[in-house]
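Numbers here are sequence positions counted from 1.
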Amino acid sequence: ALQADPDYGLVLEAYPFVARKLLSSDRPELQKALQEVLYGGGDPALKGVVTPTRLAALVNSAAGVVARQEGAAFVDLDAVPDEGLTPAAA
């Protein structure tokens with residue numbers, strides 16, 4: 001895919017699969033990764049608190065709705081797509 005289109009976002013395209021795995025797997029290493037994604041986003045003040053924006057972004061990604069930014073090659077865990085579930089609904 002990268003040879004045909006060097007701007008192809010491999011991580012962006014694979015993230016819905018990864019998000020579904022994070023939400024459905026009971027493997028300890030994936031549960032730890034899920035906790036790291038959802039709880040606080042690295043902000044010490046939010047340690048142990050589920051971040052609604054990240055929850056909404058993860059659920060949207062699992063449903064195949066990933067927030068895309070022009071020129072970005074990676075998933076922004078704090079960006080919720082306009083057409084997806086909102087943080088208030090999460």
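Ala19 and Ser61 make their closest contact through CB-CB, 3.9 Å (heavy atoms, listed as atom of the first residue, atom of the second, distance). Here the closest non-hydrogen pair linking Arg54 and Glu36 is NH1-O, 3.9 Å. Pro87 approaches Val80 most closely through the heavy-atom pair CG-CG2, 4.0 Å.
At least one side-chain heavy atom of Leu58 sits less than 4.5 Å from a side-chain heavy atom of Tyr15.
Taken to the nearest 0.5 Å, the CG atom of Leu55 stands 9.5 Å off from the CG atom of Asn60. Of the inter-residue distances, the one linking Leu23 atom CG with Gln31 atom CD reads 9.0 Å to the nearest 0.5 angstrom. Note that the CG atom of Leu22 and the CG atom of Leu38 stand 8.5 Å from one another [nearest 0.5 Å].
Residues Val65 and Val59 are members of separate hydrophobic clusters, defined by side-chain heavy-atom contacts under 4.5 angstrom among Ile, Leu, Val, Met, Phe, Trp and Tyr. Val50 and Leu30 end up in the same hydrophobic cluster when Ile, Leu, Val, Met, Phe, Trp and Tyr side chains are linked at under 4.5 Å.
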